[in-house]
Undergrad: 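The structure that follows is given in the form of structure tokens.
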Amino acid sequence: MSTQGRDRHERDASWLFLPQRKEHHLRRNKEFQTVYRQGRFFASPDLVLYCLPQEDAQKSRIGYSVARKAGSAVTRNRVKRRMRELVRHHAGKLPSSGYDFVLLARQAAVDKSFQVLETTYTTLISRFLHWCNQARRH
RNA sequence: UGAGCAGAUCGGGUGGUCGCGACAGGAUCUUCGAAAGAGGCCUGUUGAGGAAAGUCCGGGCUUCGUAGGGCAGGGUGCUGGGUAACGCCCAGUGAGGGAGACCUUAAGGCUAGUGCCACAGAGAGAUACCGCCGUAGCCGCUUGAAAGCGGAUGCGGUAAGGGUGCAAAGGUGCGGUAAGAGCGCACCAGCAGUCAGGUGACUGACUGGCUCGGUAAACCCCACCCGAAGCAAGACCGAAUAGGGGAGGAAUGAAGCUGCCCGCUGACCUCCCGGGUAGGUCGCAUCAGGCAUCGGGUAACCGAUGUCGCAGAUAAAUGACCACCUCGCGAUGUUUUCGUAUCGUAUGACAGAACCCGGCUUACAGAUCUGCUCAGCUG
RNA sequence: UGGGGAAUCGUCUAAUGGUAGGACUGCAGACUCUGGAUCUGCCUGUGAGGGUUCGAAUCCUUCUUCCCCAA
């Protein structure tokens, strides 16, 4: 990478993958449905990570989902905020382009603390990266 | 000190690191752009509730409809007031509950009409089953005869007693009578009228004839109120694809209805127009606003003055981590107990704004304040 | 977010305010060498609280749960 490019990279934050920002969120119900239907998933008792490769996408996007059965509005919001915090903390581990993700919380995730969710999330991500490498080899 | 009643307030605090939404400003570094500007960047400010909930009422606002009135349908239902309005609030009245502070109350009209009151019971707008009493003839007993006693039957009186039932035609007592009955009297309850007080619901006094079941959260009657739908309302911009309208060319017109003529439909290309989907922008937060003081009012509330500016998302912004403090809770140690030490714990209640307000209802760990009642003890 | 509707045995459904009925299922018995079919009997219910009424599945009210529509 040239010095010019690095300057540009440092100053322009739009190049970075900041998944807490709005433009990296999945917004439309249709997009969620396509990810569920055509994507691959990695599951644990607490969380499920769906992913779908998008070849022409400049930025990866991620959506969060908590079922209505999981609890009241307060608990659902809390879980969603924790998931968003997880993604922000481990932003560098996900590819910054070419994928749509959906992170779905199961009912067991309601009672879990942030640290427990963090460990399960990291294992999910490592499994996802392992799958990526396998796919690239083929 | 204990038990309780009513009302009001709060719903952890301080600080730090990283991060999110909105608004304002800055710089002109960078991306897009012809520019204006937008995004990124930097700085600052600000960011959930008492119920934000349920969606049970009422209003604003928007679109549609509408001359006016009525019917239908729905709602409310003691009186007076408050309010933008309400099924809400305040004050009062009646009824019920509590020892009391106080609480509860859909509480107009069955004397406008209709319906219903199962089972039981003789009878549930009407009654005589068992009874009680009178009377008529008959039978039996007794007797010299009459009278008397008993029995069944017919006719009549009665609503005392029995029984049924949630409820049986005012209740209790005395008189009265063949037996009874408000038939008469006293008290009580109810009804009607007159007078007095009150704006009124109603209350009090007197008089009267003595009386006429319950049910309207049954139909209904009476009084008052109500147009419908909802911010995903509505307004504006508007891609792709398909389709619509117009003009011109093709055109001295392809093809079809049809063998011919008229007539009708009308292939392909270019330009223009409007509707409208995806999507986007606005609507979108300055208010029937909060707080303080003063004045009016018993109060709800109203008026005046001053002051404050207090969320605005749209897969939906408040989170993660750390330190300390305070109250509570739990565990452990010590102690007869009071207590005290250490550790853990804000996962330590209910719960997340979605167009905006006024109420109601429901959920809620814990803490605080004010007034009042009852009981016990002490002075 | 807004609007609309429903709740009756394990399931599907009836029931003017007056004993909650029927079908299927389940259990027991009879019949049969055994099973099925058939017959007989039994079990099991008004979503929760409060009110009106002599009496509520039903009327009124407050909650709970579920479903549908608008996208």
Side-chain angles (χ1 to χ4, degrees):
Chain A
M1 191 182 282
S2 65
T3 49
Q4 200 179 357
R6 194 188 294 147
D7 280 353
R8 187 180 164 192
H9 208 186
E10 278 171 0
R11 284 179 188 158
D12 180 16
S14 65
W15 266 79
L16 293 171
F17 182 50
L18 296 170
Q20 66 270 27
R21 292 264 165 75
K22 259 194 216 169
E23 67 262 20
H24 297 277
H25 288 183
L26 278 183
R27 310 295 278 277
R28 297 284 148 205
N29 194 20
K30 256 182 207 168
E31 298 166 351
F32 274 82
Q33 293 305 323
T34 55
V35 171
Y36 287 141
R37 206 161 293 151
Q38 301 170 17
R40 184 165 278 276
F41 68 92
F42 305 92
S44 77
D46 305 333
L47 302 172
V48 185
L49 182 72
Y50 287 82
C51 65
L52 179 67
Q54 298 275 2
E55 295 295 334
D56 52 344
Q58 295 291 319
K59 297 166 180 174
S60 284
R61 295 181 303 174
I62 184 157
Y64 309 90
S65 180
V66 190
R68 190 164 173 188
K69 275 188 184 174
S72 66
V74 174
T75 60
R76 276 182 279 132
N77 274 342
R78 188 166 54 232
V79 170
K80 214 181 253 187
R81 284 188 196 122
R82 280 187 180 152
M83 290 198 292
R84 218 175 282 139
E85 192 67 18
L86 286 173
V87 172
R88 189 177 73 82
H89 268 266
H90 304 280
K93 293 179 183 170
L94 286 177
S96 64
S97 66
Y99 285 95
D100 279 350
F101 299 99
V102 172
L103 188 59
L104 183 133
R106 289 180 162 173
Q107 196 153 12
V110 169
D111 306 321
K112 300 290 162 55
S113 69
F114 182 77
Q115 283 78 13
V116 173
L117 292 180
E118 199 166 22
T119 56
T120 61
Y121 179 69
T122 48
T123 58
L124 283 183
I125 285 201
S126 62
R127 282 167 63 191
F128 163 70
L129 291 173
H130 183 72
W131 173 75
C132 278
N133 291 332
Q134 291 245 326
R136 212 167 289 157
R137 225 168 284 157
H138 285 303

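Here is how names work: the chains are called A, B, and so on, in the same order as the sequence lines, proteins then strands, and each is numbered from 1.
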Undergrad: Roughly how far apart, to the nearest Å, are B:C212 and B:U111 at atom C1'?
TA: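 Those two atoms are separated by 8 Å.
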Undergrad: If you look only at pairs with a residue in residues 124-134 of chain A, which of them pass as a salt bridge (Lys or Arg N to Asp or Glu O under 4.0 Å), with sequence neighbours excluded?
TA: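 Residue pairs passing salt bridge (Lys or Arg N to Asp or Glu O under 4.0 Å), neighbours aside: none found.
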Undergrad: Using Watson-Crick or G-U wobble geometry with both distances below 3.5 Å, tell me the partner of C:C42, or none.
TA: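 Its partner is C:G26.
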Undergrad: Taking only the P atom of each, what is the distance from B:U215 to C:U19 in whole angstrom?
TA: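 Pairwise P distance, B:U215 against C:U19, rounds to 23 Å.
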Undergrad: Looking at residues 73-80 of chain A, who's got a heavy atom less than 4.0 Å off RNA chain B?
TA: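 Nucleic-acid contacts, sorted: A:Ala73, A:Val74, A:Asn77.
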Undergrad: Relative to the ring of A:Phe32, is the ring of A:Tyr36 parallel (under 30°), tilted (30 to 60°) or perpendicular (over 60°)?
TA: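 A:Tyr36 vs A:Phe32 ring planes: tilted.
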Undergrad: Among residues two or more places apart or on two chains, list those pairs meeting salt bridge (Lys or Arg N to Asp or Glu O under 4.0 Å) that have a residue in residues 43-52 of chain A.
TA: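 Residue pairs passing salt bridge (Lys or Arg N to Asp or Glu O under 4.0 Å), neighbours aside: A:Asp46-A:Lys112.
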Undergrad: Whole Å only: how far is the CZ atom of A:Arg82 from the C1' atom of B:A317?
TA: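 It works out to 18 Å between those atoms.
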Undergrad: Suppose you measure atom P in B:C291 against the same atom in B:G358; what distance do you get, rounded to whole Å?
TA: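 About 11 Å, rounded to a whole number of Å.
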Undergrad: Can you tell me how far C1' of B:G319 sits from CD of A:Glu118, to the nearest Å?
TA: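 Value for this atom pair: 14 Å.
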Undergrad: Distance between the P atoms of B:A354 and B:A331, in whole angstroms?
TA: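 It comes out at 42 Å once rounded to the nearest Å.
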Undergrad: Rounded off to whole Å, could you give me the CZ-to-C1' distance for the A:Arg84 and B:U318 pair?
TA: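 In whole Å, B:U318 C1' and A:Arg84 CZ are 11 Å from each other.
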Undergrad: Whole Å only: how far is the CD atom of A:Gln115 from the P atom of B:U347?
TA: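 That distance rounds to 13 Å.
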Undergrad: So which nucleotide does B:U164 pair with, by the Watson-Crick or G-U wobble rule with both distances under 3.5 Å?
TA: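 Paired with B:U164, as far as the under-3.5 Å criterion goes, is no nucleotide at all.
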Undergrad: Sort out the partner of B:G263 for me: Watson-Crick or G-U wobble, both distances under 3.5 Å, none otherwise.
TA: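 Looking at the geometry, B:G263 pairs with B:C257.
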Undergrad: For B:G50, is chi within 90° of 0 (syn) or not (anti)?
TA: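 What B:G50 shows is a syn base, its glycosidic angle lying within 90° of 0.
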Undergrad: According to side-chain contact (heavy atoms from CB on, under 4.5 Å), who are the partners of A:Ala73, at least two apart in sequence or on a separate chain?
TA: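 side-chain contact (heavy atoms from CB on, under 4.5 Å) check on A:Ala73 returns A:Arg76.
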Undergrad: Between B:A192 and B:U211, how far apart are the P atoms? Round to whole Å, please.
TA: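 Roughly 15 Å separates the two P atoms.
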Undergrad: Just how far, in rounded Å, is C1' of B:A315 from CG of A:Asp100?
TA: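 About 14 Å, once rounded to whole Å.
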Undergrad: Based on the glycosidic angle (syn within 90° of 0, else anti), state the conformation of B:G39.
TA: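 Glycosidic conformation of B:G39: anti.
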Undergrad: May I ask which nucleotide in the shown strands pairs with B:G379, Watson-Crick or G-U wobble, both distances under 3.5 Å?
TA: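 For B:G379, the partner nucleotide comes out as none, under the 3.5 Å rule.
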Undergrad: Which residues pass the ring-ring contact (aromatic ring centres under 6.0 Å, His included) test with A:His90, sequence neighbours left out?
TA: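 A:His90: ring-ring contact (aromatic ring centres under 6.0 Å, His included) contacts with A:Tyr121.
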Undergrad: By the rule that syn is within 90° of 0, classify the base conformation of B:C132 as syn or anti.
TA: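 B:C132: anti glycosidic orientation.
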Undergrad: Provide the distance between the two P atoms, one in B:G182 and one in B:C210, to the nearest whole Å.
TA: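 That atom pair is separated by 13 Å.
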Undergrad: Is there a Watson-Crick or G-U wobble partner for B:G154 with both distances under 3.5 Å, and if so, which one is it?
TA: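 Matched B:G154 with B:U135 under the 3.5 Å cut-off.
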Undergrad: Using the C1' atoms only, state how far C:C66 lies from C:A28, rounded to an integer number of Å.
TA: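 Taking atom C1' in both C:A28 and C:C66, they lie 37 Å apart.
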Undergrad: For the residue pair A:Ile62 and A:Tyr64, establish whether any side-chain heavy-atom pair is separated by less than 4.5 Å.
TA: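 They are in contact (side-chain heavy atoms under 4.5 Å apart), so the answer is yes.
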Undergrad: Not counting sequence neighbours, which residues clear side-chain contact (heavy atoms from CB on, under 4.5 Å) with A:Phe114? List them please.
TA: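 A:Arg82, A:Glu85, A:Leu86, A:His89, A:Glu118.
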Undergrad: Searching all strands shown, indicate the nucleotide that pairs with B:C360 (Watson-Crick or G-U wobble; both distances under 3.5 Å).
TA: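 B:G54 - that is the nucleotide pairing with B:C360, both distances being under 3.5 Å.
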Undergrad: Which whole-number value in Å describes the distance from A:Arg61 CZ to B:A315 P?
TA: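 Spelled out: CZ on A:Arg61 to P on B:A315 is 13 Å.
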Undergrad: From NE2 of A:His89 over to P of B:G319, roughly how many Å is that when rounded to an integer?
TA: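 Rounded to the whole Å, the gap is 14 Å.
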Undergrad: Is there a Watson-Crick or G-U wobble partner for C:C54 with both distances under 3.5 Å, and if so, which one is it?
TA: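 Partner of C:C54: C:G18.
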Undergrad: For C:C68 and B:G81, measure between their C1' atoms and round to the nearest Å.
TA: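 Comparing C1' positions in C:C68 and B:G81 gives a spacing of 46 Å.
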Undergrad: Closest approach to the side chain of A:Phe114, judged atom by atom: which nucleotide of B:G319, B:A316, B:C321 is it?
TA: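 Selected nucleotide: B:C321.
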Undergrad: Is B:A320 in the syn range, within 90° of 0, or in the anti range?
TA: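 Glycosidic conformation of B:A320: anti.
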Undergrad: Could you let me know what B:G319 is paired to, Watson-Crick or G-U wobble, both distances under 3.5 Å, or none if it's on its own?
TA: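 B:G319 is paired, partner B:C18.
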Undergrad: What pair of heavy atoms forms the shortest contact from A:Asp100 to A:Arg61, and how long is it?
TA: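 Smallest interatomic distance, heavy atoms only, reads OD2-NH2, 3.1 Å.
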Undergrad: With nearest nucleotides of RNA chain B determined for A:Gly63 and A:Glu85 from heavy-atom distances, which residue corresponds to the more 5′ nucleotide?
TA: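 Result: A:Gly63.
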Undergrad: Looking at A:Arg106 and A:Ser44, would you say the former's side chain and the latter's main chain have a donor-acceptor pair under 3.5 Å?
TA: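 Looks like yes, one N/O pair under 3.5 Å.
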Undergrad: Is any side-chain N or O of A:Arg81 under 3.5 Å from a base N or O of B:C20, one able to act as donor and the other as acceptor?
TA: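 Result: no qualifying N/O pair found.
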Undergrad: Measure the distance from CE on A:Met83 to P on B:C20 and round it to the nearest whole Å.
TA: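 In whole Å, B:C20 P and A:Met83 CE are 18 Å from each other.
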Undergrad: Identify whether the glycosidic angle of B:A254 places it syn (within 90° of 0) or anti.
TA: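 Classified anti.
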Undergrad: Does the side chain of A:Tyr50 come within less than 4.5 Å of A:Ser65's, by heavy atoms?
TA: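 No - every pair of side-chain heavy atoms lies 4.5 Å or more apart.
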